[in-house]
Amino acid sequence: MNLAEFDRAELELALAGLGVPRFHGRQIFHWMYRRGVSDFAQMTDLGLDLRATLAQAAVAAAPALVTRQTSSDGTVKFLLRLEDGRHIESVYIPDTPAQTFCVSTQVGCAMNCGFCLTGKMGLTRNLTAGEIAGQVRVLARETGLGATAFNIVLMGMGEPLHNYDATMKALRMLADEQGLGVHPKRVTLSTVGVLPALERLAGESLMPNLAVSLHATTDEMRDRLVPINRKYKLKELMAVLKKFPLRSRGRITFEYVLLDGVNDHLVDARRLVALIDGLKAKVNLLPLNEAPGIPFRRPSDERVNEFARILSDRGVVVSVRKSRGRDIRAACGQLIVEAVTHSPGQLLAERLS
Ligand code: SAH
């Protein structure tokens with residue numbers, strides 16, 4: 001039995017099955033999440049008998065830390081090993097001004113966006129809820145931030161809405177007051193817009209902030225850059241977003257990667273303004289993080305600023321994402337498990353570099 005896969009109600013039920021009083025669930029949750037402890041022997045406020053019972057019947061495993069790499073800007077990339085030997089990456093981004101953990105939801109990704117290195121790997125498998133929440137357990141422990149308020153962005157490897165149930169369960173586990181108590185308003189879920197799942201998300205009670213990877217303003221261009229657009233067209237996506245419930249003062253973030261000479265023209269900026277007109281929205285521009293094997297270039301800073309100015313002159317709230325951790329390949333779209341797997345994408349990247 002892996003207690004890491006249980007929310008607290010499930011944990012308490014499992015304990016009852018072992019003849020253990022339910023209230024110990026709170027203590028165990030506290031140890032696992034707040035203190036980052038997986039070894040029952042270290043849960044010192046549990047009786048020795050109870051620790052022995054648990055050790056015999058269960059584990060509380062978190063992903064194993066393989067390496068951590070620190071960027072010159074303070075960003076830290078963690079390579080984690082899962083129980084089946086597969087690897088994922090998670091990133092700690094300090095002082096933005098918040099402390100932010102960027103977490104993966106899948107090993108690889110099936111979305112295959114044209115400019116994203118993770119997408120080149122293809123999808124290996126979904127992460128479980130325990131593996132998604134487990135990244136936060138490990139990062140909180142490693143950074144010592146378990147007792148403070150931090151943000152979580154589901155912007156690592158994978159498409160969260162393509163692994164819906166595990167992602168939502170992980171958010172429930174992370175929100176638990178006996179654990180890390182991460183309020184959903186501190187969580188941002190980033191998606192290409194898997195429409196049926198997005199409609200389902202609209203009905204959730206634990207509602208994270210929403211970021212949508214838009215990247216294009218016409219179906220023709222988006223079909224090319226974000227292949228899921230061939231299935232769910234821009235018009236349908238925008239219609240769902242228009243009805244999407246937002247918390248008070250909440251806004252939908254539109255992420256827009258800027259590719260030199262591809263989607264960074266004046267006309268694109270004007271179309272973008274028109275597309276999001278009437279929505280409570282903000283735009284986050286992401287100048288491309290270049291990588292070997294990615295057939296696009298990053299526009300000049302002047303071009304990026306010009307694009308941003310067109311939006312802001314027309315009343316759109318816009319920011320330019322400062323790329324963090326590029327020197328250690330921890331930046332957006334650069335997460336790929338190197339030197340561990342030999343995915344087609346990695347081989348391609350190696351060949352082209
Ligand atoms: N699948 C989700 C979560 C990934 S979030 C989604 O697509 O939203 C990662 C963000 O970084 C997405 O907006 C993605 O489009 C963007 N991204 C991917 N590759 C990038 C690159 N090379 N440079 C800049 N941003 C990139």
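Numbering of ligands and ligand atoms starts at 1, following listing order.
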Open item on the list: Give me the atom names and distance for the closest heavy-atom approach of Leu82 to Val107.
Closed with: CD1-CG2, 4.0 Å
If we ignore angles and hydrogens, is there a donor and acceptor under 3.5 Å between the side chains of [X] and [Y]?
X: Asp268; Y: Asn263; answer: no
X: Arg51; Y: Thr44; answer: no
X: Glu255; Y: Ser190; answer: yes

Report all N/O contacts between ligand 1 and the protein shorter than 3.5 Å as a table of atom names and distances to 0.1 Å; if there are none, say 'none'.
unit_1	atom_1	unit_2	atom_2	d
ligand 1	1 (N)	Gly158	O	3.1
ligand 1	1 (N)	Glu159	OE1	3.0
ligand 1	7 (O)	Ser213	OG	3.3
ligand 1	8 (O)	Ser190	OG	2.6
ligand 1	8 (O)	Thr191	N	3.3
ligand 1	8 (O)	Ser213	OG	2.6
ligand 1	13 (O)	Ser213	OG	2.7
ligand 1	13 (O)	Glu255	OE2	3.2
ligand 1	15 (O)	His215	NE2	2.7
ligand 1	22 (N)	Phe115	O	3.0
ligand 1	22 (N)	Asn289	O	3.0
ligand 1	23 (N)	Asn289	N	2.9

- [ ] Verify whether the ring centers belonging to Tyr92 and Phe150 lie closer than 6.0 Å.
- [x] no
Open item on the list: So does Glu5 get a backbone contact from the side chain of Lys169, meaning a donor-acceptor N/O pair under 3.5 Å?
Closed with: yes
